[in-house]
Amino acid sequence: MQQETAVPAVVATHASEAHAHHEVVPFSKNNSKFAMWLFLASEVMFFTPLIAANVWARTVQPEEHALLNIPITSLNSFILLASSYFVARAIGAIRNGNVIKMQRSLVLNLVAGLVFFLIMMTEYVELSHHGITLNSGPFGFAFFTLTGFHGLHVLIGCTWLTIVLNKAINGVYTKDNYFGVEFYGLYWHFVDVVWIFIFTIVYLF
Amino acid sequence: MTTPETIAHAPEHEEKHASEGTFFVVFGALAALTVIELLVIYLPGLRYPLLIGLMFAKAWLVIDYFMNLRYDNKLFRISFLIPVAAGVIMTILLTPLSHP
């Protein structure tokens, strides 16, 4: 019984000492990043079956796979890779204390993300003109489910980026305080990694 | 006043990370690898193994350099790469390469 009560007492003592000396939790940033990596790992398990379903659907309906627009999708791949670079550049810039360069890089990131999404929508319209829709068969269902969820992740990323960009413009991030950008960057880069797999496996195979 | 932002960026161990120049080189490599991917699809015999290799090379560049996993805690790498490995094995088993 004494042991059960002793543990909270020790914790409380340490907490009050930390508060008294204005200490900060030393591992909070790493904990947040670890949580993000675990979330991204769960996202891997979400996207993997969808990609595998596309591989299977392609063998069932190869004629529909042949209608995919490789040139326009390749352009979209370059745009998403560039968007990922802009995030990395924004983080690199703020690490060096260059706030303006960070802000510009984040704006370019947002533009690239939105252009990627718009081009994806034009691809959807083009495919629908060929009769490929969510209900047209296994290929359409697998393709639109996978790319639709990826597009949703892009939109979520753009929304998150709008918040980050707003903070960046309002001077929240500095050379010594830019974790918000770094944290968002992990998510956006992951969306890019997923697209690398989708582009190769779904479009180029 | 202590905000979540200031707590999150508390002084920790000295962090290592890639430089801005490295980011640009990585972006150039990613673009080059994508171009090579587009050329490889015209090589029927080597198409699948080369595409898989290029795809992983691109993903590795983004994860290791842009996402800073190369310099971050090893636990992050383990927690992320185990499900990636499981997913990759499952997907490869379903590719045309596995069913010639």
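All values below were derived from every heavy atom in this structure, side-chain atoms included, with hydrogens, water molecules and symmetry-related copies excluded. Lettering of chains follows the sequences in order, A, B, ..., and the numbering in each one begins at 1.
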Non-hydrogen atoms of chain B under 4.5 Å away: do they reach the side chain of [X], the backbone, both or neither?
{"X": "A:Phe199", "result": "side chain"}
{"X": "A:Ile70", "result": "side chain"}
{"X": "A:Asn96", "result": "side chain"}

For B:Leu75, is it the side chain, the backbone, both, or neither that has a heavy atom closer than 4.5 Å to a heavy atom of chain A? both

Interchain contact, B:Phe56 with chain A, by part (heavy-atom threshold 4.5 Å):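 The answer is the side chain of B:Phe56.
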
Measure centre to centre between the rings of [X] and [Y], then say whether the value is under 6.0 Å.
{"X": "A:His65", "Y": "A:Phe143", "value": "no"}
{"X": "A:Phe190", "Y": "A:Trp195", "value": "no"}
{"X": "A:Tyr85", "Y": "B:Phe23", "value": "no"}

Determine, for [X] against [Y], whether the closest basic-nitrogen to carboxylate-oxygen distance falls under 4.0 angstrom.
{"X": "B:Lys58", "Y": "A:Asp192", "value": "no"}
{"X": "B:Asp72", "Y": "A:Lys33", "value": "yes"}
{"X": "A:Arg95", "Y": "B:Glu20", "value": "no"}

Pairs of heavy atoms under 4.5 Å with chain A: top-ranked of B:Leu69, B:Val35, B:Leu61: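 Highest number of pairs under 4.5 Å: B:Leu69.
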
Taking every non-hydrogen pair under 4.5 Å, which of A:Ser77, A:Gly185, A:Ser42, A:Ser84 racks up the most with chain B? A:Ser84

Between A:Thr48, A:Leu204, A:Val87, the one whose heavy-atom pairs under 4.5 Å with chain B are most numerous: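 Maximum pair count with chain B is reached by A:Leu204.
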
